[in-house]
Amino acid sequence: MKTAEYSPGLEGIIAGTTTISHVNPDRNSLMYRGYDIKDLVQHSDFEEVAFLLIKGHLPTQSEYDAFCNTLKQERNIPQTLIDTFKTFPTNSNPMDMLKVGVSLLALQDPDKDDDSHEANVRKAIRLAAKFPALIAYSYRISRGQDIVQPDNSLKHGENFLYMLLGKKPDSYIANVFDISLMCYADHGFNASTFASRVTVSTLSDLYSGTLAAIGALKGPLHGGANEEAMKMLLEVGTPDNAEAWVIDALATKKKIMGFGHREYKTGDPRAAILTEMGAEISNKLNDTKWYQTAAIVEETMRREKNILPNVDFPTSYIYYLMGLPIEIYTPIFAVARIAGWAAHMIEQLDNNRLIRPKALYEGPQHLDYITRDRR
Ligand code: ACO
């Protein structure tokens with residue numbers, strides 16, 4: 001047996017090997033299958049990145065076309081799911097609805113009894129294709145709106161915006177959104193991905209792993225941070241108020257959402273990409289208030305704590321400027337991250353060993369048992 005080593009929160013512990021993404025804090029870089037995220041956001045799109053993550057290589061043109069077609073063919077969800085969404089309480093939490101949607105899909109997956117690599121790849125693509133409809137439909141229904149059918153002339157990300165908001169985004173907005181999806185698509189052994197790998201390491205299925213991942217993503221220390229960051233910016237209100245607000249919050253030991261990272265201590269490359277997009281979209285839409293407020297929050301955090309923004313900070317006000325409802329920001333993260341989750345679960349299953357760490361027991365031992373009538 002290997003020597004046990006304890007690190008709270010598993011910080012710094014290597015929990016497995018992967019060839020999917022490389023988070024390199026020494027260089028503030030992120031690579032998917034060896035390709036730098038900076039190059040991918042410049043030259044690629046979410047569909048190609050999803051192919052890269054799931055299949056392991058960049059697609060040829062014909063592979064890319066076939067993959068995009070499959071994603072489109074698989075966009076719809078069964079009517080039984082839509083009927084079930086109608087029974088949800090008004091204003092249900094979109095991440096909770098996504099969990100139910102994924103559970104219901106599991107019951108109807110044509111490959112549900114096949115755990116081969118090929119079947120898992122098909123399930124991965126199916127899940128990635130259906131996430132937008134699961135989220136947009138359940139959201140609209142629970143808010144008393146009619147659903148919007150997918151439009152197959154639109155790409156994955158822009159079709160999601162269309163199904164969610166009921167109007168087609170212009171090409172600039174669609175492109176910024178696509179870049180955010182590429183940035184969110186994978187990130188090493190983050191909490192949700194690790195949860196999915198732990199789950200399938202028991203030889204459970206991709207749907208179960210996806211449910212574990214959604215649950216982990218929901219928390220504000222992980223994917224939930226993009227929603228909390230925007231709520232914070234709204235509370236800050238104006239650029240003039242930002243410095244004092246942050247100093248006050250730090251004085252009361254509040255965590256500033258969208259800041260800090262377990263791995264990157266000197267800069268999250270995704271935040272750098274998206275902060276630039278945040279400046280650009282603010283200028284294009286002639287609405288710079290949130291970008292300016294965010295810039296002062298950032299400056300103050302750097303000066304006071306030397307803590308930098310993570311990916312969730314710029315996406316918060318970018319999505320706000322796009323007119324997206326705040327409670328849908330974390331589900332958007334899931335729309336992107338399902339590609340990474342699926343790739344990791346397949347990698348885990350292709351070379352599986354049960355993930356089962358030890359606990360350092362700190363409780364009492366050898367106590368005398370006292371019967372209930374004598375306690
Ligand atoms: N605001 C204020 N202080 C912070 C922040 C923050 N956002 N992040 C870290 N710190 C401080 C902590 O208070 C702690 O200070 P102390 O040593 O004086 O107690 C120190 O920095 C270390 O922080 P930890 O929480 O122990 O660092 P850890 O590596 O465990 O946490 C985490 C990383 C959870 C991301 C943390 O920075 C955080 O809570 N950030 C806010 C939530 C957030 O933005 N999450 C999204 C992460 S990225 C993603 O999931 C896509």
Side-chain angles (χ1 to χ4, degrees), residues 6-15 20-25 28-30 32 37 41 95 179-196 212-233 235-236 242-275 278 294 296-319 326 329-341 344:
Y6 171 55
S7 171
L10 301 184
E11 181 169 6
I13 299 289
I14 294 171
I20 300 168
S21 58
H22 182 209
V23 178
N24 187 343
N28 296 344
S29 76
L30 169 63
Y32 296 161
I37 187 68
V41 297
M95 290 295 276
I179 287 172
S180 77
L181 294 183
M182 285 189 264
C183 287
Y184 269 141
D186 195 44
H187 207 240
F189 277 19
N190 60 87
S192 56
T193 300
F194 191 57
S196 76
I214 296 169
L217 186 72
K218 187 183 176 198
L221 296 188
H222 188 13
N226 55 9
E227 296 181 14
E228 296 308 315
M230 192 60 224
K231 288 182 202 157
M232 175 190 79
L233 286 174
E235 207 181 306
V236 174
E243 184 179 0
W245 194 96
V246 173
I247 290 172
D248 239 42
L250 291 176
T252 55
K253 297 262 172 234
K254 259 195 197 151
K255 279 239 167 132
I256 310 298
M257 290 298 163
F259 282 81
H261 198 276
R262 174 58 66 79
E263 296 234 41
Y264 303 117
K265 298 300 177 196
T266 55
D268 177 339
R270 303 162 302 172
I273 293 165
L274 290 160
T275 303
I296 295 173
V297 171
E298 204 177 313
E299 209 178 286
T300 313
M301 277 299 280
R302 192 187 295 260
R303 189 188 68 221
E304 297 293 318
K305 296 281 286 185
N306 199 24
I307 296 179
L308 305 177
N310 58 55
V311 62
D312 286 325
F313 193 55
T315 49
S316 69
Y317 57 87
I318 288 175
Y319 292 158
I326 293 175
Y329 297 0
T330 311
I332 294 171
F333 192 150
V335 164
R337 188 57 64 85
I338 179 61
W341 291 336
H344 277 272

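Whatever order the structure lists ligands and atoms in, that order sets their numbers, starting from 1. If you read the sequence from its start, that first residue is 1, and numbering goes on from there.
Polar contact check, Ile256 against ligand 1: a nitrogen or oxygen pair lies under 3.5 Å apart.
For atom 30 (O) of ligand 1, the closest non-hydrogen atom of the protein is Arg262 NH2, 3.0 Å. Scanning all protein heavy atoms for the shortest distance to atom 18 (O) of ligand 1 gives Lys305 NZ, 4.4 Å. Nearest to atom 40 (N) of ligand 1 among the protein's heavy atoms is Phe259 O, 2.8 Å. The closest protein non-hydrogen atom to atom 35 (C) of ligand 1 is Gly260 O, 3.8 Å. Among all protein heavy atoms, the one lying closest to atom 25 (O) of ligand 1 is Lys255 NZ, 2.7 Å. In terms of protein heavy-atom proximity, atom 42 (C) of ligand 1 is closest to Met257 SD, 3.4 Å.
Numbered from 1 in the order shown, with element, the atoms of ligand 1 that lie under 4.0 Å from a heavy atom of Ala225 read 43 (C), 44 (O), 45 (N), 46 (C). Near Val311, meaning under 4.0 Å from one of its heavy atoms, ligand 1 places the atoms 51 (C). Every atom of ligand 1 is numbered from 1 in the order shown, and the set under 4.0 Å from a heavy atom of Gly258 is 43 (C), 44 (O). Of all atoms in ligand 1, numbered sequentially from 1 with element shown, those under 4.0 Å from a heavy atom of His222 are 46 (C), 49 (C), 50 (O). Less than 4.0 angstrom separates some heavy atom of Phe333 from each of these atoms of ligand 1: 51 (C). Applying the 4.0 Å criterion to heavy atoms of Met301 picks out, from ligand 1, the atoms 1 (N).
One option in Asn226, Leu221, Leu308 has a heavy atom closer to atom 46 (C) of ligand 1 than any other, and that option is Leu221. In this structure, of Glu11, Glu228, Lys253, His261, the residue bringing a heavy atom nearest to atom 48 (S) of ligand 1 is His261. Distances from atom 49 (C) of ligand 1 to the heavy atoms of Asp312, Leu217, Asn310 show the closest one on Asp312. Closest heavy-atom approach to atom 21 (O) of ligand 1 among the candidates Asn190, Ile307, Val246, Asp268: Ile307.
The CD atom of Glu228 sits 10.0 Å away from atom CD of Glu235, with the distance rounded to the nearest 0.5 Å.
In Pro220, the part holding a heavy atom less than 4.0 Å from any atom of ligand 1 is the backbone. Within the 4.0 Å heavy-atom criterion, neither part of Phe313 lies near ligand 1. Counting heavy atoms under 4.0 Å from ligand 1, residue Lys265 touches it through the side chain alone.
Taking a distance limit of 4.0 Å, we find that atom 10 (N) of ligand 1 is approached by some protein heavy atom. Atom 3 (N) of ligand 1 is flagged as protein-proximal [any protein heavy atom, distance under 4.0 Å]. Protein heavy atoms are absent from the 4.0 Å sphere centred on atom 32 (C) of ligand 1. Protein heavy atoms are found less than 4.0 angstrom from atom 37 (O) of ligand 1.
Annotation: side chain of Lys305 is not in contact with side chain of Ile256 (no heavy-atom distance under 4.5 Å). Annotation: side chain of Asp268 is not in contact with side chain of Leu308 (no heavy-atom distance under 4.5 Å). The shortest side-chain heavy-atom distance between Met232 and Phe313 falls under the 4.5 Å cut-off.
Side chain of Asn28 to main chain of Pro269: no donor-acceptor pair is present (N/O by atom type, distance under 3.5 Å, no hydrogens or angles). Although no hydrogens or angles enter the test, the distance criterion places a donor-acceptor pair under 3.5 Å between the side chain of Glu227 and the main chain of Thr330. Side-chain atoms of Thr300 do not come within 3.5 Å of backbone N or O of Glu243 as any donor-acceptor pair. Put simply, the side chain of Tyr317 never gets that close to the backbone of Gly278: no donor and acceptor are under 3.5 Å apart. Side-chain atoms of Arg337 do not come within 3.5 Å of backbone N or O of Leu217 as any donor-acceptor pair.
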- Task: Please step through salt bridge (charged side-chain N to carboxylate O under 4.0 Å, His left out) for the pair Arg302 and Glu299, ending with a clear verdict.
- Result: CA-CA 5 Å; Arg302 192 187 295 260; Glu299 209 178 286; over 6 Å; no
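Taking the six-membered ring where tryptophan is involved, the planes of Phe189 and His344 are perpendicular, since the angle between them exceeds 60° and thus also 30°.
Remark: the His222 side chain and the Ser192 side chain contain an N/O donor-acceptor pair separated by less than 3.5 Å.
Checked against a 6.0 Å centroid threshold, the rings of His187 and Tyr264 count as neighbours.
Residues Pro25 and Thr266 come closest through the heavy atom pair O-OG1, 4.1 Å.
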